[in-house]
Protein chains: 2
Amino acid sequence: MTAEEIPEAALDRVPLSRERVLQSAVTIADGSGIAALTMRSLARALDVKPMSLYYYVANKGEILDAIIDMVFGEIDMPSTDGHWQSEMRRRASSVRQALQRHPWAIGLLESRSAPGPATLRHHDATLGVLRNAGLSVALTAHAYALLDSYIYGFALQEAALPFNGADTASEVTEPIVELFSAGDYPHLVEIAAEHVLQPGYDFGDEFDIGLNVILEALARWIPKDTGRGSPAA
Amino acid sequence: MTAEEIPEAALDRVPLSRERVLQSAVTIADGSGIAALTMRSLARALDVKPMSLYYYVANKGEILDAIIDMVFGEIDMPSTDGHWQSEMRRRASSVRQALQRHPWAIGLLESRSAPGPATLRHHDATLGVLRNAGLSVALTAHAYALLDSYIYGFALQEAALPFNGADTASEVTEPIVELFSAGDYPHLVEIAAEHVLQPGYDFGDEFDIGLNVILEALARWIPKDTGRGSPAA
DNA sequence: AGAGCATAACGTACAGTGTACGAAAATGCG
DNA sequence: CGCATTTTCGTACACTGTACGTTATGCTCT
């Protein structure tokens, strides 16, 4: 029993598992971007050799599909109990937050198109709320396409913003402002100077504004229960 | 002068140029996806060795930034001459078409955030139309965020669709339908059976529907010229 | 014509990627 | 204990972006 034979720190070594692999993949993507998620970096994070991952996962594509589904799993599912408008507002906010936590998911939506169970459950619940609100099948399809286009697109724009969070705005804008001074882009300059660069401005605040516009428009699609009408048929 | 010394087909060899490099990059990305765009594939397409590209381009990132700007360059710029609603409709359609031709651009929007001149020109022109329509600076910002979120989000969803174009829908849906029969996802099944899988259905048709909803809502933001009012102050 | 030089294209090399294939180790069970 | 199953790993291959230095090409000025 020489010292060499002791497999140092082989004790309390948490066994690998699909869950641990996927969870770790999300953590890496969140912290260092989706490009930093490689089979090798993932193995390193789990204190394991790269090829060990393939016992729990067929290939990297399967990891990508799985972590997208995990993101959908984090989203609050809307309920048919509450009012449809407040439920859709809650859902929209939850989707946006999930995509803020995991910005890489947005880019993945485009390339991968194999929805997982959490994704399907989520879509089903949302459709249920719209149908229950009184929308026809066709109007539900229209409404859902409109809502999700807006939410995804907003998240996409948010992710594309140069500054993330509480950095000073001038840090980013200064190099741009210089180019603008050339005289082109007068309207960009105007909106930057008078709006975007104002003290309290936060692009995220635009989200509720646009969402309200959409929800109010959708409300007009719901057939009104005239009150003196017949509840039957 | 042996035969070996003749650099076969050195005649009529088009010289390399930044334009040719970028144009070829777009062609590859369009035809084989953004993942197939590598320095080596690009060099092969141009009949040149990989390292020759670096004479015209600092690195691959610069290529990505440049081809995004080329996509924006393809978009029809709205004019302050026409009615703002029809101009915004024309622009929206043009953006969507450009993103359909170059689906890879959507994913690139998220990761790269160095807008090129064509991109800035385009944004400036669009802002100009909204301001000219009578919207305040703040309302213009709200309107633009809403419009672009919708357009980008719609393009994102379109790009994520499994079937591209005229393929048979059943080819894609059959494997899914099987899972659905399990009994979960009743609303997904409903909307699939009664709407999406109907003969003439095309997701792309949803675009104008949602766009109209937004444009009509925005119209209500424009201060009405009361007619008997005062044009001054 | 020839010298000199800027432009343009290239060869080689290195660290990093996903993963096929098969061997090794660890674990559980009789 | 022996053996089978589960889990982990070593090695290797084709491919990626690009740093660094070298070669070929074409133009200008004497």
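Order of the sequence lines sets the chain letters (A, B, ...), proteins ahead of strands, with each chain counted from 1. Only heavy atoms go into these numbers, but all of them, side chains included; no hydrogens, no water, no symmetry mates.
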Round to the nearest Å and state the distance from [X] atom [atom1] to [N] atom [atom2].
{"X": "Leu53(A)", "N": "dT6(D)", "atom1": "CG", "atom2": "P", "result": "20 Å"}
{"X": "Leu16(B)", "N": "dT25(D)", "atom1": "CG", "atom2": "C1'", "result": "14 Å"}
{"X": "Ile63(B)", "N": "dT18(D)", "atom1": "CD1", "atom2": "C1'", "result": "12 Å"}
{"X": "Lys49(B)", "N": "dG17(D)", "atom1": "NZ", "atom2": "P", "result": "16 Å"}

Worksheet item: According to a strict under-4.0 Å criterion, is Ser52(B) in side-chain N/O contact with OP1 or OP2 of dC10(C)?
Response: yes
Item to complete: Check whether any side-chain nitrogen or oxygen of Tyr55(B) sits under 4.0 Å from OP1 or OP2 of dA8(C), and answer yes or no.
Response: yes
Discussion item. Are the side chains of Thr126(B) and Met88(B) in contact, using a 4.5 Å heavy-atom criterion?
Written reply: yes
Item to complete: Scan for ring-ring contact (aromatic ring centres under 6.0 Å, His included) pairs involving residues 92-111 of chain A, sequence neighbours excluded, and state none if there are none.
Response: His102(A)-Trp104(A)
Worksheet item: What pairs with Tyr54(A) under ring-ring contact (aromatic ring centres under 6.0 Å, His included), at least two apart in sequence or on another chain?
Response: none
Worksheet item: What's the shortest heavy-atom distance between Ala145(A) and Glu206(B), and which atoms?
Response: CB-CB, 4.2 Å
Practice prompt. Spell out protein contact along nucleotides 12-19 of chain C as letters: B when the base is contacted, S when just the sugar-phosphate is, - when no protein heavy atom is under 4.0 Å; keep the 5' to 3' order.
Written response: BB---BBB
Item to complete: Step by step, work out the salt bridge (charged side-chain N to carboxylate O under 4.0 Å, His left out) result for Arg91(B) and Asp148(B).
Response: CA-CA 10 Å; Arg91(B) 180 194 93 103; Asp148(B) 267 13; 2.2 Å; yes
Worksheet item: Hey, do the aromatic rings of Phe207(B) and Tyr150(B) have their centres closer than 6.0 Å?
Response: yes
